[in-house]
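So the structure is just underneath, and the comments pick up after that.
Note that ligands are numbered from 1 as they come in the structure, with each ligand's atoms numbered from 1 the same way.
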Amino acid sequence: MLISVAVPVPSLGLLTYAVPDGVAAPSVGARVVVPLGTRVVTGIVVETDVHNTTNGQRPTTNVKPLRKVLDTEAFVPPEVVALARWTAEYYAAGVGDTIPALLPPMARGGRADAHKTTRMATITAAGLDALDAPHAITPKQREALELLAGNPAGLATSALAARGIAADAISRLARRGYVSLRHDRLNRDPFAVPDGGQTGVRPPSDPGPDPRLTPTERQLTAEQAAALDRLTTLAAVRQFRVALLHGVTGSGKTEIYIRLSAGIRASGRRVLMLVPEIALTPAAAALFRQAFGERVAIQHSGLSDGERHDQWQRIRRGDIDIVVGTRSAVFAPLEHVGLIVVDEEHDGSYKQEESPRYNGRDVAIVRAQRAGALVVLGSATPSMESYHNAMAGKYERIVLERRVLDRPLASVSIVDMREAYAAEGPEVILSRALREGLQIRLERNEQSLVLLNRRGFATAVFCRQCAGTIDCPNCSVSLVVHGEGAARRARCHYCNYTARVPAACPLCAGPYLEVAGFGTERVEAEVRKTCPDARVARLDRDAIRKRGALASLLSRFRDGAIDVLVGTQMIAKGHDFPRVTLVGVVSADVGLGLADFRASERTFQLLTQVAGRAGRGEQPGEAIVQTLYPGHYSIQFACRQDFPAFYERELQFRRAMRYPPMMSLVNAVVRSRTFAGAMDDASGIVERVRTADRGLRILGPAPAPLGRLRGEYRAQLMIKGMNRKKIREALQSALAARPELQRRVVVDVDPLSVL
Ligand code: ADP
Ligand code: ZN
């Protein structure tokens, strides 16, 4: 018999293997060890009983036999295997790309921002043979090899150590040729808890049970009760349904998720609760933990491999009823799923920006469709796509128009910065209104948030003599200045290239270098100047590089040890800080200038969300929005917190320009060592796509907005059409003609960003 196997090798499709005579056929979802070139790898059975001529491809002449069947039953639930297969196909990725998301987590390979290495052990073919030979190895060695046989990408030696297998035991196995050792780059998670923390039990910034929050005792508001009632009815149907829970910031959506989950659990089904970033939305995880105790698994990237492995096994064994996790948790091995919640469904973190480039929200909908489950998409600022589906009647829209306890939404005022410049000069960063607002909050012992969605101290270094800027040698962007005084450095935000800021212009040798623009570091300095007595802190990616730094910043702010928190969009996300009464937005226009069709949508979401952080407690909140474009519709409607009006206006633009949600979009970026090479290859693809399907609209080829990245030139083409499948097929047939090109083309189906 022949079987199809997915192996964890990037961009590889399904492979066919033979089941040797006398070996029981493995079932879908079982792990098998198969030869691949000179290596052996562990893969997942995706299909059994396959014919050698499926998909109209030529039959493989020498189908190799599999080496070993590791499981008699499905290791990964077959429905999750099918979901991964769908994901690979829909997002034009190799099914191999999806495998890491399916298996108990192991140390992943390096990404560009990785900065720590780990020693990885992988089993060799000789090691597998040794497992079959009864007396070749000691029981301890057998244990080690069996563990390794079950982990296709290998295991970190630290993870092995955590399971009682010492480093020298591994070294001995390596000397005998049973194990190969290599160094892998490891992504250190900035949100992770310091070593020794109770990571398996609590998310990093979980402040612990808070008696005020005990959900079951609280009286729901009338709106909450009505929403819960309707959702409960929808869930009881036990059929696929999508509900868009459109509730303003502070309307108490979490409470609804918890009670709905309790009902699902009582009906014998399970719940998948997706959140954009656990570290940034700790409250939800903590509340679920509080309500459901040990039956909850919390999955986030701060867990160690061993802990994630154990959690995965607990879910698989059926010891878990509710999984709270980030996007990859959509592939959790949970059975009998009755409800999937996607909280803050509009959030860009649901999109994976490496292959497979899936959107966790959309995969969740497909999973629910197959499981006959209810999906709840929650947001105060739904994505254009989801709202469009609600308007079209595909999703049921359930509205929460008020905050809990009749607390008012923050009042928002706009400061026209052109007037501020005219009055105070072009150097002003914090307007008078914002400065006074901060001082008043300080006197009243209330807290403030100050948002600027741009990191660094200054955004460019330029020469007054030749007008040149200091650019990244690898990327087509100018370097951003970080730090002050001796610590001052210029850094590329894309490739991390870092240099000292020179004394003279590298182009004309002129001595008149100046910095321009400002980022969060500068704003932090300005706030300190304005309020010398305030305790000021900054929350952005730079400030939380150290393990545990984010958790500690958030809990210090919650405890009142910080008066003013300055930060990027990270401070806008989902937090519930009751003592914040002022939110200042330093420059609301940061995202508007980007050459991206979602620029207005993102700006609207960010402003509405950040304004939603103010006035969540007893004192009413205020937001002050500084802008150079006070008339822009996304700023106007965000200030009025008028989502429907924004949606109508934005839809006009999308319709006129034929962008999603009016059409489907696939973005392809071709990378090359030369500019001409990238453009030539891209125009070749455009021509072949045109030939393949005349009904598609193609934009480009054009240099990508980020024309050069990490030393490679990038050309872009965007394909629009009414039917995603047709776009994908045309593109794939165009690429099939040049396999060597495929490695240099990044295909993004339903892109969130086209930069
Ligand atoms: P959202 O996610 O809709 O922005 P949250 O779920 O964070 O809102 O709830 C906002 C705040 O209101 C939280 O502090 C929560 O504990 C509180 N809350 C929720 N429901 C109620 C209720 N029925 N009565 C009182 N407080 C509530
Ligand atoms: Zn760079």
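Here SG of Cys505 is found 6.5 Å from CD1 of Ile470. Values are rounded to the nearest 0.5 Å.
Checked against a 3.5 angstrom limit, the closest N/O atoms of Gly252 and ligand 1 fall inside it. Between Lys253 and ligand 1, a contact under 3.5 Å exists for at least one N or O pair.
Taking a 6.0 Å sphere around CZ of Arg488, one finds it holds 12 or fewer heavy atoms contributed by other residues, nucleotides or ligands.
Nearest heavy atoms, Glu446 versus Gln619: OE2-CG, 3.7 Å.
Between the choices Arg218, Gln609, Glu255, Glu223, the shortest heavy-atom distance to atom 24 (N) of ligand 1 belongs to Arg218. Considering only non-hydrogen atoms, atom 20 (N) of ligand 1 lies nearest to Gln224 out of Arg613, Arg407, Gln224, Gln219.
A distance-only check finds no donor-acceptor pair linking the side chain of Ser634 to the backbone of Phe604 [under 3.5 Å]. Checked by atom type and distance alone, the side chain of Glu223 pairs as donor or acceptor with a backbone atom of Glu401 at under 3.5 Å.
Each of the atoms 23 (N) of ligand 1 lies under 4.0 Å from some heavy atom of Thr221. Each of the following atoms of ligand 1 lies closer than 4.0 Å to a heavy atom of Asp576: 11 (C), 13 (C), 14 (O).
Seen from the ring of Phe518, Arg454 counts as a face-on cation partner, given the 6.0 Å and 45° thresholds.
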Solution key, residues 563-571 side-chain donor-acceptor pairs under 3.5 Å, sequence neighbours excluded:
from   : atom 1 : to     : atom 2 : distance (Å)
Asp563 : OD1    : Arg535 : NH2    : 2.9
Asp563 : OD2    : Arg535 : N      : 2.8
Asp563 : OD2    : Arg535 : NE     : 3.1

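Contact annotation: the side chain of Asp321 never approaches that of Phe292 to less than 4.5 Å [non-hydrogen atoms, C-beta and beyond].
At a cut-off of 2.8 Å, measuring from the Zn ion (ligand 2), the protein N, O or S atoms that fall short of it are Cys472 SG, Cys475 SG, Cys492 SG, Cys495 SG, waters left aside.
Using modelled atom types and a 3.5 Å distance limit, the side chains of Thr581 and Arg444 yield no donor-acceptor pair.
For Gly250, the heavy-atom gap to ligand 1 drops under 4.0 angstrom.
For Arg491 and Asp542, the salt-bridge test passes: some basic side-chain N is under 4.0 Å from an acidic carboxylate O.
Looking at Thr249 against ligand 1, only its backbone comes within 4.0 Å, counting heavy atoms.
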